[in-house]
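Reviewing the structure listed below.
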Protein chains: 2
Amino acid sequence: MCPMESLDEKPKRRTFKGLAPEERQRERHERFMEAGLALYGTRGYHGVTVKELCAEAKLTERYFYESFKDREALFGAVYQRQVEQLRERVLAVIRRHLPDPRAMARAGLETFFQGLREDPRCARILFVDVLSISPAMTEQSRQVTSGLSGFLLQFTQALYPQLRAQGLDPEIVATGLVGACINVAMHWVYGGFAQPVEAVRDNCYALFEAMILTWSVKTSKPG
Amino acid sequence: MCPMESLDEKPKRRTFKGLAPEERQRERHERFMEAGLALYGTRGYHGVTVKELCAEAKLTERYFYESFKDREALFGAVYQRQVEQLRERVLAVIRRHLPDPRAMARAGLETFFQGLREDPRCARILFVDVLSISPAMTEQSRQVTSGLSGFLLQFTQALYPQLRAQGLDPEIVATGLVGACINVAMHWVYGGFAQPVEAVRDNCYALFEAMILTWSVKTSKPG
DNA sequence: TACTTCTGACAATGCTTCATGTCAACATGT
DNA sequence: ACATGTTGACATGAAGCATTGTCAGAAGTA
């Protein structure tokens, strides 16, 4: 009985199982992120409940709402992480193949596809469910893919500054090429990786190269 | 009081409001189909309840379950109808432009995009929600897009029988081209049709042409 | 008019989910 | 050993949903 006891005293946070409070919380957060990847990535967003996420994370609802506002917030966090992981990986590989544009593009594509094969769960998260959750998530996805085609655009224009598409809108073409990769990836993943990754990489690269070639031809001999 | 009254007598079906029983049922079915298109196409599959579908159709739950086993069955029917409508329209236009392959492809593409602009609701149904409902619906969508790339393949190979893709898998390329059109369409629709339909059509056609050109080049002068 | 079918409004059931709350058991530092 | 922070199991409540059922009245038939 301490005499100066305040009425709204904060509980003293302390270590537990050898971990500081922040560490424990981060670990719980992490477990939910992995549970989200596991369940959302296999059964989709709408088929998964908070209770199931908790069971997968071996934690209880209380801690779920400690880390995330709701189911959608967890999905958004998982989505964003997957995007950034894949992006970093692809960019790193592209950098490693500087300055050969052909090698850069092919290696980037291969890394993209290999990432999906290593963890097919992220394919569903990145390309399917994100579009059917809420307008906010749809917009987030739109920005990601727009950013991707923007990068693609910048990339090709830096490599081939002389390219001027006659009557073509580079933004639309870039959107198309991104869509091509995504659709190929989806069919590849859902088809059980029937083709070797090199085949997928080469065929997608062929689309890129075809466009560059077309642009060169159109610009070098107009009409 | 008829003396021979059977215990399990079937109710005599009769006309009502000048319509035969079958006509009435068909009309109810139709109203649910339109309600499904309206609500699924704007708010998505998961955000719509049976009650809302009934309100939109101005009918009651009883009649919903008369026509459809559940919400998913209605979605499947709406999806299938939209696929077939768009396909018929595109095929009709393509036929009308025989035998000029360039005109056929461009007109087909334009009809595809124009169909989406006339009724943006079907974009969501055809490309987004169908993938996140159930494995069965996902498979149905897969078959549709596979059929589409199959047609594309057959089309180009019929027009350019000499084309032999060196080291390329025509199936993957076709999948990519279909994905390109779908992604361009999605961004076009969700971006509020910022570009004129001719621009979208021409840029997608450019992708097609680029591939054909690439194949021709690769086959005529190998290496 | 008398009878039957058809229709719409809505109640009822049973289930599931989200989100919060309770509480005893456990772990820790003193 | 004790007081207290921490945890997991479970309870609770409000809400929403799918599906079936009830019933009075409108619309057709004879």
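In what follows, chains are A, B, ... by sequence order, proteins preceding strands, each numbered from 1.
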OP1 or OP2 of C/dT16 less than 4.0 angstrom from a side-chain nitrogen or oxygen of A/T49, does that happen here? no
In this structure, how many angstroms lie between the C1' atom of C/dA12 and the CD atom of B/E61, rounded? 12 Å
Using heavy-atom distances to pick each residue's nearest nucleotide on DNA chain C, tell me which of A/F16 and B/K58 is more 5'. B/K58
Just by distance, with hydrogens left out, do A/Q140 and A/Q80 show a side-chain donor and acceptor under 3.5 Å apart? yes
Whole-Å distance, A/F68 CZ to C/dA19 P, equals 14 Å
B/F113 six-ring face occupied by B/R201 cation (under 6.0 Å, within 45°): no
Could you tell me whether the side chains of B/S134 and B/E72 share a donor-acceptor contact shorter than 3.5 Å? yes
Expressed as a whole number of angstroms, how long is the span from B/F32:CZ to D/dA18:P? 13 Å
Base of C/dG8 paired with side chain of B/R62 (donor-acceptor, under 3.5 Å): yes
Integer-rounded Å distance: D/dA27 P and B/E23 CD: 18 Å
Just how far, in rounded Å, is P of D/dC17 from OH of B/Y65? 12 Å
D/dT19 P sits how many Å from B/K69 NZ, rounded? 7 Å
Whole-Å distance separating the CZ atom of A/F64 from the C1' atom of C/dT20: 14 Å
Between D/dG8 atom P and A/E66 atom CD, what is the distance in whole Å? 11 Å
Quick one: label A/R71 by what it contacts on the DNA or RNA (base, sugar-phosphate, nothing), any heavy atom closer than 4.0 Å. sugar-phosphate
Salt bridge A/E56-A/R31, side-chain N to carboxylate O under 4.0 Å: no
